[in-house]
Amino acid sequence: MSEPDWSTGAAYIDGQYMPLRDAKIPVTEWGYRRSDVTYDVVGVYYGVFFRLDDHIKRFRNSINKLRLNPTETDEQIKEILTELVKRSGYREAYVAMDCVRSRPPRGVPLHPAYGRSYLICHVLPWVWVFTPEQQERGVHAIIGSAERIAPESIDPTVKNFHWGDLTRGNFEAHEQGAETAILLDRHGRVTEGPGYNVFAVFDGKVATPRSGALEGITRKSVIELCDMLGIECELRDIHRAEFEAADEIFCSTTAGGIMPISRLGDRILGNGRPGPISTRLKDTFWEKREQGWHATPIAYE
Ligand code: PLP
């Protein structure tokens, strides 16, 4: 028997570790067919996890809200993620944890209460939602025409795969020569984009939507950084017209950190370059990460 090859990534499914290329689930799972699933993603950079406990806490919250019930405890999930990163050997990684519901077995009612749920985790080389080059000159965004799915229907604080609206926005952006689409809610308020939270800067003050979006862990970091740097940061509604006139716009996500936006539709922000507050937050974020801010070490062999 040849040694398993962990070089392209590592996975854990329902109690078993395996190289990523061998990670497969049945096509009948409701996690796949009904989006009866939640997930979270934590980053590893400079060889350490960033805010691991915050991600585990949010994941557990999502699991409970969707009435999923994996057997692993929070401590065990942390051990599994650590083991996967160690097997991959990656010092910069995208580390995903999913909890999916199975199809209920034959002979019981076809109802989610009868489907067991289990954990799927995997590790990939680090992922940038926007490339370092796009971040350097600022991302080109549009406001998408699709409304973000209503929070009354799908709770956006539960990290989910209901991405139909976000994917539609991404294609619309492509058709218009842009790179991403920020979606509004039915009242015309800014929500979020495909994989990130959104911020705007007005007269030196930062604002981010108070509702209608995932409570991003990177967003939490931005709020902390603003506090440290003496920049006012408000959680409030941001309507379209106000947003379109913002001095600066930036977004935040695990897979990329703090990323400036330099175009919104036809409007060029600043001189088509990242704004000063966005740049200061981004630079401070990465400096602090390098210094071990909110880090959980990994004992690589
Ligand atoms: N909003 C959505 C829809 C996301 O998918 C993500 C991350 O994947 C975020 C916001 C940012 O959250 P975090 O900073 O916790 O990665």
Side-chain angles (χ1 to χ4, degrees), residues 35 37-45 49-63 65-66 81 92-99 121-124 126-130 135 139 141 143-144 146-151 153-170 173 179-185 189-200 206 208-226 233 235 238 249-261 278 281-282 285-286 288-289 293-294 296:
S35 206
V37 52
T38 188
Y39 78 115
D40 217 289
V41 176
V42 56
V44 168
Y45 215 86
F49 283 109
F50 182 60
R51 307 196 82 132
L52 179 60
D53 287 330
D54 288 321
H55 284 279
I56 297 286
K57 191 168 157 204
R58 184 174 67 184
F59 186 46
R60 181 61 64 183
N61 234 345
S62 302
I63 285 171
K65 281 191 176 167
L66 295 190
L81 301 180
E92 294 171 359
Y94 170 103
V95 184
M97 56 203 104
D98 311 345
C99 185
C121 302
H122 71 273
V123 171
L124 289 175
W126 177 263
V127 171
W128 294 109
V129 169
F130 300 113
Q135 294 181 47
V139 176
I143 294 181
E147 271 169 18
R148 184 72 175 116
I149 196 166
S153 304
I154 298 292
D155 181 350
T157 68
V158 172
K159 202 162 157 62
N160 64 69
F161 290 144
H162 297 274
W163 268 53
D165 47 5
L166 297 169
T167 301
R168 215 174 121 184
N170 255 341
E179 292 148 352
T180 190
I182 294 164
L183 300 193
L184 306 176
D185 69 7
R189 297 174 299 201
V190 173
T191 63
E192 57 192 342
Y196 56 81
N197 287 112
V198 177
F199 294 78
V206 172
T208 191
R210 68 183 166 89
S211 60
L214 180 71
E215 290 172 355
I217 305 296
T218 324
R219 170 182 180 261
K220 186 174 177 181
S221 307
V222 172
I223 296 166
E224 286 177 15
L225 287 174
C226 284
C233 181
L235 272 62
I238 308 171
I249 298 174
F250 63 91
C251 56
S252 73
T253 179
T254 292
I258 297 171
M259 299 175 291
I261 289 176
S278 318
L281 286 166
K282 178 186 169 196
F285 176 79
W286 285 108
K288 292 196 71 68
R289 293 242 351 221
W293 189 44
H294 293 303
T296 300

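Read the numbers this way: they start at 1 and go in the same order the structure lists the ligands and their atoms.
Enclosure of atom NZ in K65 by more than 12 non-hydrogen atoms of other residues, nucleotides or ligands within 6.0 angstrom is indicated. Sparse packing is recorded around CZ of R168, with 12 or fewer heavy atoms of other residues, nucleotides or ligands lying under 6.0 Å away.
Using cut-offs of 30° and 60° on the angle between ring planes, the pair F50 and H294 is perpendicular.
Residue contacts with ligand 1 for Y39 involve side-chain atoms from C-beta outward but no N, CA, C or O (heavy atoms, distance under 4.0 Å). Contact annotation: for F161 versus ligand 1, there are no heavy atoms closer than 4.0 Å. Contacts between L214 and ligand 1 below 4.0 angstrom, taking non-hydrogen atoms only, involve the side chain exclusively. Of all the heavy atoms of S252, the ones lying under 4.0 Å from any atom of ligand 1 belong exclusively to the backbone.
Using a cut-off of 4.0 Å between Lys/Arg side-chain N and Asp/Glu carboxylate O, K288 and E224 are scored as not salt-bridged. Ion pairing between E192 and R148 holds under the 4.0 Å rule for side-chain N and carboxylate O.
When R51, K159, E192 are ranked by how near their heavy atoms come to atom 8 (O) of ligand 1, first place goes to K159.
Heavy-atom separations between A213 and ligand 1 are all 4.0 Å or longer. For the ligand labelled ligand 1, residue R58 lies inside the 4.0 Å heavy-atom shell. Under a 4.0 Å heavy-atom criterion, V41 is not in contact with ligand 1.
Listed for the N197 side chain is a donor-acceptor partner under 3.5 Å among the backbone atoms of L214. No donor-acceptor pair closer than 3.5 Å links the side chain of T38 to the backbone N or O of C99. A donor-acceptor pair is defined here as one N or O able to donate and one able to accept, closer than 3.5 Å; such a pair exists between the side chain of T218 and the backbone of T254. S252 contributes no side-chain N or O that, together with a main-chain N or O of G257, makes up a donor-acceptor pair within less than 3.5 Å.
Under a 4.0 Å criterion applied to the non-hydrogen atoms of G216, ligand 1 contributes the atoms 12 (O), 13 (P), 14 (O), 15 (O). Shown in contact with T254 at under 4.0 Å from a heavy atom are these atoms of ligand 1, numbered in order with element: 13 (P), 14 (O), 15 (O), 16 (O).
Not a single N or O atom of W163, backbone or side chain, sits closer than 3.5 Å to an N or O atom of ligand 1. Taking only nitrogen or oxygen atoms, main chain and side chain alike, H55 does not reach within less than 3.5 Å of ligand 1.
Closest to atom 14 (O) of ligand 1 among all protein heavy atoms lies T218 OG1, 2.6 Å.
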